[in-house]
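Structure record follows, encoded as structure tokens.
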Amino acid sequence: MNVSQGDKAVIVFSINPKNVGRFVHVAEYIGKFEAGEQFEAFGMTSQCAVTDHYWWIEAEDLTIQLGPSPKAYIADSWLRKLVDPDKKVSTKAQKELDTIV
């Protein structure tokens, strides 16, 4: 998956082009659904556009089909995690050595 719960992310694709480029908080995992599959949330039926994992996201400036909203659902593949460039990344590399006997 591209993101995890609690991540900050940017929307790289959206059915509503106004949302592309928006920074969001990844609030909660909903589940994996097939394209066209529906789920119930907040008393409304929501339909999945693509087969993917889906997340609830939050932001002040989201636009959904019903207008402005502080919360929306989105496919995982349409999000990219934001990484703090000042945060030091540490990785260990392991090397296999060939020896000649």
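Along the sequence shown, residues carry numbers from 1. What's counted below: heavy atoms across the whole structure, side chains too, no hydrogens, waters or symmetry copies. Quick caveat: nothing in here was measured; it's all calculated off a predicted structure.
Within a 6.0 Å radius of CD in Gln38, more than 12 heavy atoms belonging to other residues, nucleotides or ligands are found. Counting heavy atoms of neighbouring residues, nucleotides and ligands inside a 6.0 Å radius, atom CD of Glu40 exceeds 12 of them.
Side-chain contact check for Val24 versus Val10: every heavy-atom pair is 4.5 Å or farther apart. A 4.5 Å side-chain heavy-atom check between Ile11 and Ile57 finds at least one atom pair inside the cut-off. Contact of the Lys81 side chain with the Lys8 side chain is not registered, since no non-hydrogen atoms from C-beta on lie closer than 4.5 Å.
In this structure, Phe39 and Phe33 have parallel ring planes: the angle between them is below the 30° cut-off, well short of the 60° mark. Using the six-membered ring where Trp is involved, Trp55 and Tyr29 have ring planes that are perpendicular, over 60° apart on the 30 and 60° scheme.
Atoms CD and OH, on Glu28 and Tyr73 in that order, are 15.0 Å from each other to the nearest 0.5 Å. Here His25 contributes atom NE2 and Asp7 contributes atom CG; the two are 9.0 Å apart, rounded to the nearest 0.5 Å. Going from atom SG of Cys48 over to atom NE2 of His53 covers 12.0 Å, rounded to the nearest 0.5 Å. Rounding to the nearest 0.5 Å places CD of Glu60 at 12.5 Å from OG of Ser69. A distance of 8.5 Å separates CG in Leu62 from CD1 in Ile74, rounded to the nearest 0.5 Å.
The cluster map of Ile, Leu, Val, Met, Phe, Trp and Tyr, joined by side-chain heavy atoms under 4.5 Å apart, puts Val12 and Leu82 in the same cluster. No chain of hydrophobic side-chain contacts below 4.5 Å, direct or via other Ile, Leu, Val, Met, Phe, Trp or Tyr residues, connects Ile64 to Phe13. Cluster annotation: Leu79 is connected to Ile15 through the hydrophobic network of ILVMFWY side chains, with a link wherever side-chain heavy atoms come within less than 4.5 Å. Follow the hydrophobic side-chain contacts under 4.5 Å out from Met1 and you reach Val50 in the same cluster.
Salt bridge annotation for Arg22-Asp61: present, with a cationic side-chain nitrogen under 4.0 angstrom from a carboxylate oxygen.
Inspection of the Thr63 and Asn16 side chains reveals no N or O donor paired with an N or O acceptor under 3.5 Å.
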Report task. Apply side-chain contact (heavy atoms from CB on, under 4.5 Å) to the pair Trp56 and Phe42, showing each step before the final yes or no. Result -> CA-CA 12 Å; Trp56 285 113; Phe42 306 106; 3.7 Å; yes

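Using a distance-only test at 3.5 Å, with no hydrogens or angles considered, a donor-acceptor pair links the side chain of Asp76 to the main chain of Asn2.
Residues Val20 and Ser14 come closest through the heavy atom pair CG2-N, 3.8 Å. Considering every non-hydrogen atom in both Ala35 and Ala49, the closest pair reads CB-O, 3.8 Å.
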